[in-house]
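Structure record follows, encoded as structure tokens.
Both counts, for ligands and for their atoms, begin at 1 and track the order of listing.
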Amino acid sequence: MASSTEQFDAVIVGAGFAGMYLLHRLRELNLSARIYEAGNDVGGTWYWNRYPGARCDAESLAYSFSFSSELEQEWEWSERYAPQPEILKYARHVSERFDLRKDIQFETLVVSAHYRDDSEDWVIETDKGNRAIAKYCIMATGCLSVPQLPDIPGIDHFQGNLYQASKWPHEPVSFTGQRVGIIGTGSSGIQAIPVIAEEADHLYVFQRTANFSVPAANGPLDRDWVSEFKKNYRAHRKNHKIGNGSGFGDLQIEPRIEIKAPILRAEVSDDEATALLEDAWRSGGAKFMSAIGDQLMNEEANKFAREFVYRKIHETVKDPETAELLCPTNHPIGTRRICVDINYYDTYNRDNVSLISVEDHPIEQITEKGVQVNGEVFELDTLVLATGFDAMTGALLRIDIQGAEGEKLVDKWHAGPRSYLGLAVAGFPNLFTITGPGSPSVLSNMLVSIEQHVDWIMDCIGHMKTNELTVVEAEQLAEDQWVEHVNEVANMTLFPNGGSWYLGANVKGKPRIFMPYAAGVGPYREICDAITADGYKGFSFH
Ligand code: FAD
Ligand code: NAP
């Protein structure tokens, strides 16, 4: 199995948007690099998640690369929120336009990455027998790339078709004339349910926890509007990168560069607050979460927004009992990723859709014929699992990563991830992580965060090249202080009350730590830039 050893300046793990942009930037520095990618194409998330209804929840004009003006001018998005096939096509286009594919080895899983203290380099090994030696090892393994299967007995016994949202087949899947069940009502389930319902004979939705969802107000993009928008693209991109928001941007023709102080709940009357929420609901998308500036900080403001959504659910869903079941009661709105949907609540008005709450009566087992709840078996032809991911740390901890003196990442992170800025880990020299725990990552428009991380790392590597430095490492004290700061910021918000995958709460035995940095992409970028300006404070070099 073992093949000859190859040598690169950098090895990148993963060929999603992060890995692709890394490769492009490394080449600009005249550094050699190889990407190993488990899938057989680029695109990462958009390669794997092909379930019906999959599309982005950040607007495409913002959820796309900004590093090349030519790319952003020439690419035409068809809809406000592009569907998965179009985003995958975009990823492929990027890989071809920048000639990336020749340095990507597909269908290859990285199984280990070990740092060698004597030669100050990394040895990376794959399941295909590759052995690569590189000065830098960069993990672009994704925050949501390891599917989490439900811990329900009998899942292997099901005799019908079984599909996972995050590992959807490449061939078309038909639901026509079928009794379909779906487990999971997070973003994936909420996108898939309305589309499957249109085709299936009957759809049974097994809901354990209701989630908040806001309408996408999706639709085709008007070409004239887009060309006007594109005249201001640079200003828009700048707008996405600053402020304490999440990088979703303000997609008006005229960009709003000046960040206005957010309107707080206490500053407006009930009627005014309702009008703000109503406007955000009508215009669509995740920006609903910033309609009132302190919705995620202040329980009163959050309750006001929750009650607004409850009213919307009850106005939309005709059966009051179903409407009540769809109202989330166990977490503040936004503390689990807000879902963005197309006709989700309205789907429950269809005669061929049944909502089965499994909150009080968990799914007992999956039998050969279907899903058993409270003694009753719901017979199914097809079962869809939209049960989420081992998020943020899952992909990193599945690789045997060993740093200086053989320290294992899995040991270092046994009580939860510890990282400096989500970019580097003390004791793991010349290893970088993209959108790692401790960075805004999953709380943000990920393309904004990915580009910022890659640019920061490239500046750091460029600095090392210029100054003929061999090794960079996060200092232990800097890492400890950053972890403390991330926790402090989280505790100023309502996020820790969400009980979601942000905290690792969906994976049995996973430490409960709020993993992302909640201060927003602007302040985070300022901190990273200040660290660079201060001679890479908190990093040591030699
Ligand atoms: P990924 O796209 O996850 O790519 C990581 C790649 O690494 C994968 O292809 C994986 O196969 C590979 N890999 C992992 N481990 C190994 C290994 N050991 N060896 C080899 N290869 C490996 N974010 C937003 O901001 N807006 C959205 O609208 C949005 N929608 C999403 C929809 C879905 C269904 C999901 C699951 C996530 C969504 N996200 C969204 C988050 C999304 O993951 C990011 O936006 C972005 O695509 C991440 O890019 P990435 O390159 O960092 O990681
Ligand atoms: P998720 O939000 O973690 O949802 C998983 C769902 O499965 C939850 O409803 C969960 O219920 C349910 N579940 C798990 N095990 C179960 C069991 N044994 N019995 C019953 N229900 C069970 O995962 P996701 O929907 O894949 O989304 C993950 C993240 O990916 C999102 O938050 C978002 O960041 C990203 N994403 C974005 C989009 C988009 O709109 N562009 C689409 C998909 C995904 P509990 O909550 O009770 O555990």
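Comparing heavy-atom distances from atom 13 (N) of ligand 1 across N445, T141, L447, L144 singles out T141 as nearest. Considering only non-hydrogen atoms, atom 2 (O) of ligand 1 lies nearest to T45 out of V13, I35, I450, T45.
Residue Y63 has at least one nitrogen or oxygen atom sitting less than 3.5 Å from a nitrogen or oxygen atom of ligand 1, judged on distance alone.
The proximity of V340 to ligand 2, defined as any non-hydrogen pair under 4.0 Å, does not occur for either the backbone or the side chain. Counting heavy atoms closer than 4.0 Å to ligand 1, residue W48 contributes side-chain atoms (C-beta onward) but none from N, CA, C or O.
Using a 4.0 Å cut-off between charged nitrogen and carboxylate oxygen, E359 and R208 do not count as a salt-bridge pair. For R131 and E125, the salt-bridge test passes: some basic side-chain N is under 4.0 Å from an acidic carboxylate O. Under a 4.0 Å N-O distance rule, the pair E6/R34 qualifies as a salt bridge. Note on E86 versus R55: no salt bridge recorded, every NZ/NE/NH1/NH2 to OD/OE distance being 4.0 Å or above.
Judged by the shortest distance from any of its heavy atoms, R55 lies inside the 4.0 Å radius around the atoms of ligand 2. Not a single heavy atom of I434 sits closer than 4.0 Å to an atom of ligand 1. Ligand 1 is never approached by C143 to a heavy-atom distance shorter than 4.0 Å. The shortest heavy-atom distance from T108 to ligand 1 is under 4.0 Å.
Using bins of under 30°, 30° to 60° and over 60° for the plane-to-plane angle, the ring pair W168/Y163 lands in the tilted bin. Note on ring orientation: taking the six-membered ring where Trp is involved, the planes of Y63 and W46 are perpendicular (angle over 60°, cut-offs 30° and 60°).
In this structure, a donor-acceptor pair under 3.5 Å is present between the side chains of N161 and T382.
Less than 4.0 angstrom separates some heavy atom of S187 from each of these atoms of ligand 2: 25 (O), 31 (C), 32 (O), 33 (C), 36 (N), 37 (C), 38 (C), 42 (C), 43 (C), 44 (C).
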